[in-house]
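Step one of this worksheet: look at the structure below.
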Amino acid sequence: MKKVELDIMALSHSATNSNNYAVVLGEVDGSRKLPIVIGGFEAQAIAVAMEDMEPNRPLTHDLFMNALKIFEVAVQEVVINQLIDGIFHALLICEGNGGVYEIDSRTSDAIAMAVRFDCPIYTYEEILAEAGIVMEDEEASHPEPADDDTSAKKPSRRRSAPKTFETMSDDDLNKSLDAALEKEDYEKAAKIRDEINKRNG
């Protein structure tokens with residue numbers, strides 16, 4: 001089966017369920033998008049890695065990554081390999097100790113690991129043809145998803161900072177960032193980081 005490479009295009013609240021998030025994967029050399037609904041914890045795990053944040057203590061995905069590295073195993077690629085009854089399934093393709101290993105994974109966890117290992121994400125043409133959608137710019141900000149392992153819609157990776165952050169001084173922003181990280185409020189920390197990055201050009 002032909003593999004198609006995907007990029008993470010966006011991450012945001014799900015439009016259909018406020019307790020869930022949507023991650024949108026985009027075809028690297030095409031216009032199709034694969035939206036997937038994921039849980040809040042998994043969204044946080046992906047966002048923390050995408051924003052290069054350093055939690056005070058390792059998150060579960062960081063722990064797994066550190067364990068793999070200690071045993072000299074690296075995730076080489078992630079493959080979203082099945083779509084069964086509306087649920088996506090994925091594999092971590094790992095290499096180490098002279099062998100190549102396939103580890104079954106929820107799609108959200110696999111994406112979180114792909115970000116940490118900076119490895120490519122693939123799916124098969126058949127899956128993209130069945131579940132992929134082409135989004136117009138306006139539709140993309142409010143896509144229709146399925147589940148962690150189902151299909152979803154397009155959010156945007158860079159969040160716009162609330163007015164309160166825009167009016168804060170640089171010093172106050174940095175203090176708020178430290179406080180958010182201390183409380184492990186990574187969603188707030190990501191918004192503060194966006195405002196800091198915007199000011200720094």
Side-chain angles (χ1 to χ4, degrees), residues 6-26 33-70 75 78 106-121 135-145 147-148 152-201:
L6 304 169
D7 271 341
I8 299 175
M9 306 297 294
L11 179 66
S12 75
H13 271 103
S14 165
T16 56
N17 187 334
S18 61
N19 294 322
N20 287 332
Y21 287 74
V23 60
V24 176
L25 304 176
K33 306 289 186 291
L34 195 64
I36 300 171
V37 170
I38 62 176
F41 175 77
E42 292 77 13
Q44 172 181 286
I46 293 169
V48 164
M50 287 175 67
E51 300 287 346
D52 295 321
M53 282 187 243
E54 294 185 13
N56 293 327
R57 302 295 298 146
L59 300 177
T60 304
H61 298 85
D62 298 316
L63 174 63
F64 186 41
M65 176 186 70
N66 293 338
L68 288 177
K69 287 183 174 180
I70 285 173
V75 179
V78 161
R106 294 190 306 165
T107 304
S108 54
D109 291 328
I111 293 170
M113 295 305 297
V115 176
R116 282 162 172 76
F117 278 92
D118 194 24
C119 70
I121 302 170
M135 295 180 183
E136 300 298 330
D137 288 345
E138 207 161 307
E139 291 174 352
S141 51
H142 302 285
E144 281 296 328
D147 250 328
D148 167 351
K153 18 168 140 194
K154 177 175 181 180
S156 114
R157 173 176 174 180
R158 304 307 296 182
R159 292 162 293 278
S160 56
K163 288 289 183 189
T164 51
F165 296 146
E166 292 177 358
T167 58
M168 290 170 68
S169 68
D170 290 351
D171 189 47
D172 286 342
L173 275 177
N174 285 307
K175 287 178 182 175
S176 295
L177 178 59
D178 291 340
L181 291 172
E182 182 71 28
K183 294 177 183 174
E184 298 188 355
D185 185 349
Y186 301 115
E187 187 175 355
K188 180 178 179 180
K191 292 175 182 176
I192 298 171
R193 178 70 60 83
D194 283 349
E195 176 62 20
I196 292 172
N197 289 341
K198 186 169 75 172
R199 294 186 189 190
N200 293 337

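Bear in mind the structure is a predicted one, so any value in this text is a computation, not a measurement.
- At least one side-chain heavy atom of L68 sits less than 4.5 Å from a side-chain heavy atom of F117.
- With rounding to the nearest 0.5 Å, the separation of CD1 in I46 from CZ in R116 is 8.5 Å.
- Taking both residues in full, the closest heavy atoms of C119 and V75 are given as CB-O, 3.6 Å, listed atom of the first, atom of the second, then distance.
- Rounding to the nearest 0.5 angstrom, the gap separating the CE atom in M113 from the CG atom in D118 is 12.5 Å.
- In this structure, R106 contributes its side chain and I38 its backbone to no donor-acceptor pair below 3.5 Å.
- F64 places none of its side-chain heavy atoms less than 4.5 Å from the side chain of D109.
- The two residues H61 and A112 come nearest to each other via the heavy atoms CD2-CB, 3.5 Å.
- Contact annotation: the side chain of D62 approaches that of L59 to within less than 4.5 Å [non-hydrogen atoms, C-beta and beyond].
- In this structure, OH in Y21 is found 11.5 Å from CD in E42, a value given to the nearest 0.5 Å.
- In this structure, N66 has no side chain to side chain donor-acceptor pair (under 3.5 Å) partners at least two apart in sequence or on a different chain.
- The OG atom of S108 sits 8.5 Å away from atom CD1 of I36, with the distance rounded to the nearest 0.5 Å.
- Under the side-chain contact (heavy atoms from CB on, under 4.5 Å) test applied with L6, the options V78, I111, V24, L34 reduce to a single match, L34.
- For the pair V115 and A49, the tightest heavy-atom approach, listed with the atom from each and the gap, is CG1-CB, 3.3 Å.
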